[in-house]
K.L.:
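Take a look at the following structure, please.
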Amino acid sequence: MWRVARDSQVLDVNPSYAYLLWCRDFAETSAVARLGDDVVGFVSGYLRPSTPETVVVWQIAVDEQARGRGVAGALLDNLVERLDGRANRLETTITADNVASQRMFAALARRLGCTLDRSPLFVDDLFPDQHDAEDLYRIGPWQTPPMNGAK
Ligand SMILES: CC(C)(COP(=O)(O)OP(=O)(O)OC[C@H]1O[C@@H](n2cnc3c(N)ncnc32)[C@H](O)[C@@H]1OP(=O)(O)O)[C@@H](O)C(=O)NCCC(=O)NCCS
């Protein structure tokens, strides 16, 4: 996951320790995608403590050579399906220039048959370093995931 995040050249690269700790404590809301023996993508998330029916996607990335084949969509569908009955909303933050990510979450909202709202969350002044503003995207609530077998 650390390697995929680093190679994406888009995501913030957290220390490798953070990914290890994440997988220890948030495995049920995280997943990797494999091509053969190689990890080519991952999603990391958590159930929001104050609203635990909301899964927050912290990071998602797919290696460049595996993009455009539905890997990220499958990671998100799998996450939603695994949380069936527990989470019925999803949140994430996206920068204004990340069109691929915006389309990816818009496509997820369509598959789930629910709305997607965008609002400002972390404006750039809040960051102590150089960082673009992050908008909050909220999907849901959805009913039982309709995508089982539908893709
Ligand atoms: C965003 C990312 C994870 C998408 O991975 P992917 O496996 O190629 O995505 P998928 O093939 O599952 O596509 C999912 C949807 O997003 C759309 N999409 C994906 N990449 C796109 C792009 N570059 N431009 C426009 N739409 C795109 C697809 O068309 C698809 O929508 P559809 O079902 O309506 O056709 C990948 O481009 C990536 O790793 N980017 C760098 C890291 C990043 O930006 N992460 C998100 C941070 S918020």
Side-chain angles (χ1 to χ4, degrees), residues 1-16 18-23 26-48 51 54-84 87 89-140 142-151:
M1 292 165 75
W2 175 83
R3 200 235 357 113
V4 173
R6 181 198 64 192
D7 291 353
S8 76
Q9 300 191 10
V10 172
L11 294 183
D12 292 338
V13 185
N14 298 281
S16 52
Y19 293 92
L20 288 169
L21 194 62
W22 199 269
C23 291
F26 300 106
E28 82 169 329
T29 46
S30 303
V32 297
R34 285 199 175 88
L35 200 58
D37 289 336
D38 300 326
V39 170
V40 296
F42 76 91
V43 60
S44 57
Y46 61 92
L47 295 175
R48 194 160 182 244
T51 52
T54 299
V55 59
V56 178
V57 171
W58 177 43
Q59 291 194 312
I60 179 167
V62 172
D63 277 340
E64 199 150 357
Q65 84 274 7
R67 287 182 193 166
R69 294 197 232 159
V71 173
L75 281 166
L76 291 172
D77 288 355
N78 175 268
L79 178 63
V80 166
E81 285 168 17
R82 278 189 291 148
L83 294 172
D84 186 20
R89 296 170 193 267
L90 181 148
E91 293 184 357
T92 197
T93 70
I94 312 178
T95 53
D97 62 350
N98 196 337
V99 174
S101 186
Q102 292 160 16
R103 298 237 171 111
M104 174 179 67
F105 283 103
L108 175 68
R110 280 198 302 277
R111 290 198 298 281
L112 289 166
C114 58
T115 55
L116 180 153
D117 296 323
R118 184 182 72 184
S119 55
L121 183 62
F122 301 131
V123 296
D124 45 12
D125 286 357
L126 284 175
F127 291 95
D129 54 354
Q130 288 288 320
H131 199 295
D132 290 336
E134 295 271 353
D135 291 329
L136 177 66
Y137 284 70
R138 291 190 297 182
I139 295 175
W142 59 79
Q143 308 299 319
T144 299
M147 71 269 286
N148 290 321
K151 278 191 76 186

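Indexing begins at 1, ligand by ligand and atom by atom, following the structure's order.
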K.L.:
Considering distance alone, does some N or O of Gly73 sit under 3.5 Å from an N or O of ligand 1?
P.N.:
yes

K.L.:
Could you check whether any heavy atom of Val99 sits closer than 4.0 Å to an atom of ligand 1, since that is the contact criterion I want to use?
P.N.:
no

K.L.:
Heavy atoms only: give me the nearest Leu79-Ser30 pair and the separation to one decimal.
P.N.:
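Residues Leu79 and Ser30, closest heavy atoms: CD1-N, 4.4 Å.
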
K.L.:
What atoms in ligand 1 come closer than 4.0 Å to a heavy atom of Arg110?
P.N.:
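Answer for ligand 1: 34 (O).
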
K.L.:
Are any side-chain N or O atoms of Thr92 and backbone N or O atoms of Val57, one a donor and one an acceptor, separated by less than 3.5 Å?
P.N.:
yes

K.L.:
For ligand 1, which atoms sit closer than 4.0 Å to a heavy atom of Thr93?
P.N.:
48 (S)

K.L.:
Judged on heavy-atom distance to atom 41 (C) of ligand 1, which of Arg67, Gln9, Arg69, Glu64 sits nearest?
P.N.:
Arg67

K.L.:
Just let me know how Val62 lines up against ligand 1, side chain, backbone, both or neither, with a heavy-atom cut-off below 4.0 Å.
P.N.:
both

K.L.:
Backbone, side chain, both or neither: what part of Leu11 comes under 4.0 angstrom of ligand 1, heavy atoms only?
P.N.:
side chain

K.L.:
Are Leu47 and Leu83 close enough, and set up right, to give a side-chain contact (heavy atoms from CB on, under 4.5 Å), and what steps lead you there?
P.N.:
CA-CA 10 Å; Leu47 295 175; Leu83 294 172; 4.1 Å; yes

K.L.:
Can you list the ligand 1 atoms lying under 4.0 Å from a non-hydrogen atom of Val71?
P.N.:
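What qualifies from ligand 1 is 7 (O), 12 (O).
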
K.L.:
For Ala107 and ligand 1, does the shortest N/O to N/O distance drop below 3.5 Å?
P.N.:
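No - when backbone and side-chain N and O of Ala107 are compared with those of ligand 1, no distance drops under 3.5 Å.
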
K.L.:
Find the distance between OH (Tyr19) and CZ (Arg6) and round it off to the nearest 0.5 Å.
P.N.:
11.0 Å

K.L.:
Between Asn98 and ligand 1, does any nitrogen or oxygen pair lie at a separation below 3.5 Å?
P.N.:
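Yes, since at least one N or O of Asn98 sits under 3.5 Å from an N or O of ligand 1.
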
K.L.:
Can you tell me which residue pairs pass the side chain to side chain donor-acceptor pair (under 3.5 Å) test with a partner in residues 119-136, sequence neighbours excluded?
P.N.:
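Those involving residues 119-136 are Asp12-His131, Thr93-Glu134.
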
K.L.:
Can you list every side chain to side chain donor-acceptor pair (under 3.5 Å) pair that touches residues 96-110, not counting sequence neighbours?
P.N.:
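Non-adjacent pairs meeting side chain to side chain donor-acceptor pair (under 3.5 Å): Thr95-Asp97.
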
K.L.:
To the nearest 0.5 Å, how far apart are OG1 in Thr115 and CZ in Arg138?
P.N.:
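Taking OG1 in Thr115 and CZ in Arg138, the distance rounds to 9.0 Å.
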
K.L.:
Indicate yes or no: at least one non-hydrogen side-chain atom of Arg111 is less than 4.5 angstrom from one of Val80.
P.N.:
no

K.L.:
Taking the minimum heavy-atom distance to atom 6 (P) of ligand 1, which of Ala72, Gly70, Gly41 ranks first?
P.N.:
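Heavy atom nearest to atom 6 (P) of ligand 1 belongs to Ala72.
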
K.L.:
Check each of Ser101, Gly68, Ala100 against atom 19 (C) of ligand 1 and report the one with the nearest heavy atom.
P.N.:
Ala100

